[in-house]
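Counting starts at 1 for both ligands and their atoms, in listed order. For this chain, numbers begin at 1 and follow the sequence in order. All heavy atoms count here, side chains included; hydrogens, waters and symmetry mates do not.
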Amino acid sequence: MSDTADIIIIGGGVQGVSLAFHLARRGVNVVVLEKQHVAAGATGRSSGLVRMHYDTEVDSRLAWESFQVFCNWKELVGGECGFTRTGFFQIVSIKQEEALKANVAMHQQIGIPALVVSAEDVKRLAPAFMTDDFRVAAYEPESGYAMPSDTATALMAAARHYGARLVQDCAVTGVTEAGGRVSGVHTSRGDYSSPVVVNAAGAWAASINRMAGLDLPLTTWRHDTMYVKRPAEIGLSHPTVIDFQHELYFRPEGSLTLVGLEDGNPLGESPDNDADQARAGFVERAIERLCRRVPAMEGGSLHSAHGGYDGITPDQHPLLGAAGPQGFYLDCGHSGTGFKTAPAVGLCLAELILDGAAKTVDISTLAPGRFGEGKLVGGSYQNLWK
Ligand SMILES: Cc1cc2nc3c(=O)[nH]c(=O)nc-3n(C[C@H](O)[C@H](O)[C@H](O)COP(=O)(O)OP(=O)(O)OC[C@H]3O[C@@H](n4cnc5c(N)ncnc54)[C@H](O)[C@@H]3O)c2cc1C
């Protein structure tokens with residue numbers, strides 16, 4: 001005898017639990033099957049940046065819809081997401097200035113609080129920053145970061161409140177089909193039957209796709225981060241920053257600063273590799289880049305460093321929608337940027353599965369079929385993870 005559900009979600013990361021929340025709210029009998037525990041994958045290692053600055057409209061719209069949930073979390077979800085407003089700067093090279101201005105204009109059209117500021121303005125707002133190597137930046141005064149594990153835990157708790165079930169320590173080992181449509185899954189804890197199965201398995205999603213006979217361009221992306229204890233002269237805090245000049249991002253968290261690099265993120269490794277430690281050489285490179293942007297960080301000290309794995313596609317955009325056997329859906333390939341969009345992606349996918357189309361944000365450009373049709377998603381920065 002197998003357990004039954006209207007919809008099975010494979011993976012209890014922020015994406016899977018967000019979808020569970022939106023489906024359960026609409027009365028769907030949903031079960032989340034998670035091989036470890038909630039936020040055990042990329043979500044638990046995420047840097048949690050919450051900003052809307054992107055070079056494609058679909059990303060900015062998903063981030064903007066999600067941002068409004070992060071800001072009104074208690075009323076809309078309940079529990080804690082730890083959203084902290086720090087202000088956000090996107091720093092670009094002189095070559096990318098025109099693209100930045102066009103992107104901010106696009107954000108303003110959507111209604112996102114964003115503006116173009118001068119390097120002098122950046123210096124006024126963040127006196128510790130070195131601002132001699134760029135002329136303009138995008139500024140989002142309302143943006144910041146949230147706590148990814150808290151976010152996922154709160155979404156799952158809210159989903160359970162509406163009747164969703166969570167089964168942890170439960171690895172999906174096979175996807176079953178009957179007559180060209182999915183009929184359920186085999187797991188390490190028995191079989192589940194359902195006419196709809198959603199793959200939200202993060203860096204492990206390609207192996208779930210293979211269980212459903214799907215071969216899509218989806219691999220893994222490794223990303224390391226470190227926490228540095230800030231020296232007193234930097235002050236109590238600083239804005240969150242993505243810095244294309246130095247292929248770097250950083251944000252505050254209490255007396256610490258979290259740092260990641262845009263380059264040196266290997267593709268195609270096993271997501272089961274050890275990520276409790278950062279790879280050799282990462283900390284040295286990250287400290288050197290951070291000190292170029294914030295020279296006083298030379299007086300800082302290393303607190304900790306580790307890594308994580310996400311799924312990534314060739315255009316570094318997620319796979320959202322139906323693919324393979326009837327009833328099989330993808331919510332994966334979030335390519336190192338799927339935390340801040342999770343509240344809206346879950347809502348859009350719930351609309352797509354239940355109503356036939358997403359209405360909150362048009363996510364049709366992110367449909368899994370785009371690779372077969374040669375319709376990759378691209379933006380003006382062409383600043384992809386390396
Ligand atoms: C170090 C790091 C920093 C990041 N920083 C940011 C950031 O600042 N902002 C941002 O927006 N994004 C960021 N990201 C990206 C973001 O964290 C991810 O895109 C997002 O967390 C993906 O969520 P997910 O639910 O798809 O995947 P995951 O959180 O990886 O969840 C997938 C889950 O599926 C489970 N699973 C896998 N296989 C099976 C199976 N066979 N059966 C059952 N369960 C299974 C796993 O155990 C896991 O819990 C970062 C990612 C990393 C790694």
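- Geometrically, Arg230 does not engage Tyr227 in a cation-pi contact defined by less than 6.0 Å to the ring centre and at most 45° from the axis.
- Listed by atom number, the atoms of ligand 1 under 4.0 Å from Ala171 heavy atoms are 42 (N).
- Between Ala39 and ligand 1, not a single N/O pair is under 3.5 Å apart.
- Residue Val14 has at least one N or O atom closer than 3.5 Å to an N or O atom of ligand 1.
- Heavy-atom proximity to Gly308, at under 4.0 Å, picks out these atoms of ligand 1: 53 (C).
- Considering backbone and side-chain N/O of Lys35, one or more are found under 3.5 Å from N/O of ligand 1.
- The shortest N or O to N or O distance between Ser335 and ligand 1 is not below 3.5 Å.
- Using modelled atom types, one side-chain atom of Arg45 and one backbone atom of Gly307 make a donor-acceptor pair closer than 3.5 Å.
- Shown in contact with Ala201 at under 4.0 Å from a heavy atom are these atoms of ligand 1, numbered in order with element: 32 (C), 34 (O), 37 (C), 38 (N).
- Among the atoms of Leu49, some N or O lies under 3.5 angstrom from an N or O of ligand 1.
- Looking at Asp331 next to ligand 1, no N or O pair under 3.5 Å apart turns up.
- When Trp221, Tyr309, Tyr145, Phe339 are ranked by how near their heavy atoms come to atom 51 (C) of ligand 1, first place goes to Trp221.
- Under the 4.5 Å side-chain heavy-atom criterion for ILVMFWY residues, a single connected hydrophobic cluster contains both Leu62 and Phe339.
- The closest protein non-hydrogen atom to atom 30 (O) of ligand 1 is Ala42 N, 2.9 Å.
- With values rounded to the nearest 0.5 angstrom, Phe21 atom CZ is found 9.0 Å from Leu347 atom CG.
- Comparing Ser47, Gly41, Ala200 against atom 32 (C) of ligand 1, the shortest heavy-atom distance belongs to Ala200.
- Shortest contact from atom 27 (O) of ligand 1 to any protein heavy atom: Gly202 CA, 3.5 Å.
- Proximity of a side-chain donor or acceptor of Asn265 to a complementary backbone N or O of Leu261 within less than 3.5 Å is detected.
- Ser118 and Asp121 are linked by a side-chain donor-acceptor pair at a separation below 3.5 angstrom, with hydrogens and angles left out of the test.
- Evaluated by nearest non-hydrogen atom to atom 13 (C) of ligand 1, the leading choice among Ser46, Gly16, Cys332 is Ser46.
- Considering only non-hydrogen protein atoms, atom 37 (C) of ligand 1 sits nearest to Trp204 CB, 3.5 Å.
- Side chain of Asp315 to main chain of Gly378: no donor-acceptor pair is present (N/O by atom type, distance under 3.5 Å, no hydrogens or angles).
- In terms of modelled atom types and a separation under 3.5 Å, the side chain of Trp221 and the main chain of Pro266 share no donor-acceptor contact.
- Considering Thr337, Val172, Asn265 only, the shortest heavy-atom separation from atom 41 (N) of ligand 1 involves Val172.
- By the 4.0 Å heavy-atom criterion, Ser207 is excluded from the residues contacting ligand 1.
- Using a distance-only test at 3.5 Å, with no hydrogens or angles considered, a donor-acceptor pair links the side chain of Ser194 to the main chain of Asp6.
- Residue Gly48 places at least one N or O, backbone or side chain, under 3.5 Å from an N or O of ligand 1.
- The ligand atoms of ligand 1 that sit less than 4.0 angstrom from a heavy atom of Cys170 are 42 (N), 43 (C).
- Using a 3.5 Å distance cut-off with no hydrogens or angles, the side chains of Gln96 and Tyr381 do not pair a donor with an acceptor.
- Given atom 48 (C) of ligand 1, the protein heavy atom at minimum distance is Glu34 OE1, 3.4 Å.
- Heavy-atom proximity to atom 29 (O) of ligand 1, evaluated over Ile10, Asp310, Thr43, Ile312, is greatest for Thr43.
- Taking the six-membered ring for Trp and the full ring otherwise, Phe83 and Phe67 have centroids separated by under 6.0 Å.
- Among protein heavy atoms, atom 34 (O) of ligand 1 sits closest to Gly11 CA, 3.3 Å.
- Listed for the Thr240 side chain is no donor-acceptor partner under 3.5 Å among the backbone atoms of Arg251.
- Aromatic rings of Tyr249 and Phe88 (six-membered ring for Trp) have centroids beyond the 6.0 Å cut-off, not under it.
- Proximity of a side-chain donor or acceptor of Gln68 to a complementary backbone N or O of Trp64 within less than 3.5 Å is detected.
- Counting heavy atoms closer than 4.0 Å to ligand 1, residue Ile208 contributes side-chain atoms (C-beta onward) but none from N, CA, C or O.
- When each atom of ligand 1 is checked for a heavy atom of Leu33 under 4.0 Å away, the hits are 43 (C), 44 (N).
- Close approach to Lys340 involves these atoms of ligand 1, each under 4.0 Å from a residue heavy atom: 9 (N), 10 (C), 11 (O).
- In this structure, the protein non-hydrogen atom closest to atom 15 (C) of ligand 1 is Gly336 C, 3.3 Å.
- Atom CG of Leu330 is separated from atom CG of Leu349 by 9.0 Å, given to the nearest 0.5 angstrom.
- Remark: ligand 1 atoms within the under-4.0 Å shell around heavy atoms of Arg45 are 1 (C), 2 (C), 3 (C).
- When only non-hydrogen protein atoms are considered, atom 31 (O) of ligand 1 lies nearest to Gly13 CA, 3.3 Å.
- Near Gln15, the atoms of ligand 1 lying under 4.0 angstrom from a non-hydrogen atom of the residue are 23 (O), 24 (P), 25 (O), 26 (O).
- A donor and an acceptor atom, one from each side chain of Ser66 and Thr341, are nowhere located under 3.5 Å apart.
- Ring planes of His53 and His107: perpendicular class, angle over 60° (limits at 30 and 60°).
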